[in-house]
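Note that ligands are numbered from 1 as they come in the structure, with each ligand's atoms numbered from 1 the same way. For the numbers below, each heavy atom of this structure counts, side chains included, while hydrogens, waters and symmetry mates do not.
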Amino acid sequence: MSRLVVVSNRVPLPDERGTPPPGGLAVAVHAALRKNGGIWMGWSGRSTGEEEPQGLTTLEQDSISYVLTDLSQADLDEYYNGFANRVLWPIFHCRLDLAEYARQEMAGYFRVNRLFADRLVPLLEPDDVIWVHDYHLIPLAQELRKRGVRNRIGFFLHIPWPPADILTALPVYEIIMRGLAAHDLVGFQTDYDLDNFVGCLRREGWGDWSAPGWLTAFDKEVAAAAFPIGIETDDFARLAAKTDGLELVTDMQQSLNGSALMIGVDRLDYSKGIEARIDAFERYLTRNPDQAGKVTLLQVAPHSRSDVPEYLEMQGQVESHCGRVNGAHGTIDWVPIRYVNQSLTRPTLAGLYRLAKVGLVTPLRDGMNLVAKEYVASQDPSDPGVLVLSRFAGAARELDGAILINPYDTEQTASAIGRALSMPLDERMMRWRKMMDHLESHDVIWWCRTFLDALRHAPVDNGALTVDDTA
Ligand code: ADQ
């Protein structure tokens, strides 16, 4: 069987004993790499400052080579903090108002993709199957093709693909579309993302379906499908079932004084809709004054991308929303919202999910949202909590036992909170069972295997590739 070569912005390195870091994606991809041996390449996490990044660092473990490249500060500012996180991330999450387009940053993005291609080519063997991850590396396959690489290349997008009306606002729209079409297989989180991608091709006359699962785009063939990412379902269920002795969970339970817990867990990111969630909880409290002291929201939100100004700004906004609600509704012995920026271990997260009667997952837009799935997997089968889920999370396409809400509709979310808190046990069990059955059969190992099977069977048409050199 051919080797697997994975390329992603960051590489989750294993510890000395070869155990991958926690996180479904890292565990599943490590398992796939171990099977036939392979390479995982990406940025080392280090900056060389003003200096040009030199060679690669390679770590060998368990038939896997971890190949890491440093980046200069200019690379990081332009490729990572700049074009990837201030242009592609907001546009792909339909936030044109937050996109800060700068030509120099775009140039840096393509430069780093060329650097990755230059460094990867000498490591490749003819039968290797290459799997590229996410929006940081959309042009990589095209750069590899320009360097004569004819291996199978697949791409998986972890974030949403926006509709054509939004994406056309991106000045390098066509180059990004061509970059995606340079792969043999393109995977999205949901059928909505796939439809949006095909809509972009059709709108410009660049391509369309030629057979089920098979597109003609820019005069070449490319396979495309939805591969909804899963979690380590059994692991979460197991961790959540034995949280005895976990201090944080026990302390939390005791400190609730009998009030019902609702939980939100998100990277502090504007796409996650944290402010809208807090507003909806406030509306619920205003409408239901008798519930004062009877329900508490725990919002866990570790800081993320604090080098990007839009993120710093929203961190301040979330704090002020929490302060406002706690000031207006809190009492001496009850704080409605507990807001923490800590990173938690997986056993603690699983324990807190299980303790919570309601999981509030209300992003304004999200590729999938693993927290929604983790919350479901962590529930007590004999007394499960209720998931309140944004219809704009990819997870809403699968988790049909959740109460679906529109996060822009504060009234509706407030009503959903009330409904979730008072839902009878038989309805909770019925809704949870449906979702858990799905998560058990569609876990992250299933996702990884399904994508790689599709990639290994995707007919290769890289000879017909039209290379656009405008980047
Ligand atoms: P993210 O935007 O990072 O991922 P998400 O899918 O919710 O979002 O995953 C977050 C992960 O971080 C979860 O596994 C969660 O448990 C963990 N986490 C969050 N807060 C934590 C904390 N305080 N301590 C410890 N762990 C914490 C991107 C896309 C998503 C897509 C994933 C996977 O934006 O839409 O679901 O990739 O494809």
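- The shortest side-chain heavy-atom distance between N36 and L4 does not fall under the 4.5 Å cut-off.
- Two residues are said to be in side-chain contact when any heavy atoms from C-beta on lie closer than 4.5 Å; S306 and Y311 fail this criterion.
- Listed by first and then second residue, the salt bridge (charged side-chain N to carboxylate O under 4.0 Å, His left out) pairs involving residues 303-317 are R86-E310, D269-R305 (not counting sequence neighbours).
- Considering only heavy atoms from C-beta on, V295 comes within 4.5 Å of L285 through its side chain.
- With contacts defined as side-chain heavy-atom distances shorter than 4.5 Å, the pair T296/V335 does not qualify.
- When F155, F227, F188, W446 are each tested for a ring-ring contact (aromatic ring centres under 6.0 Å, His included) with F451, only one passes: F227.
- Protein residues with a heavy atom closer than 4.0 Å to ligand 1 are W89, H158, Q189, I229, V265, R267, K272, V300, P302, Q342, S343, L344, L349, Y353, D366, G367, M368, N369, L370, V371, E374, listed by chain and number.
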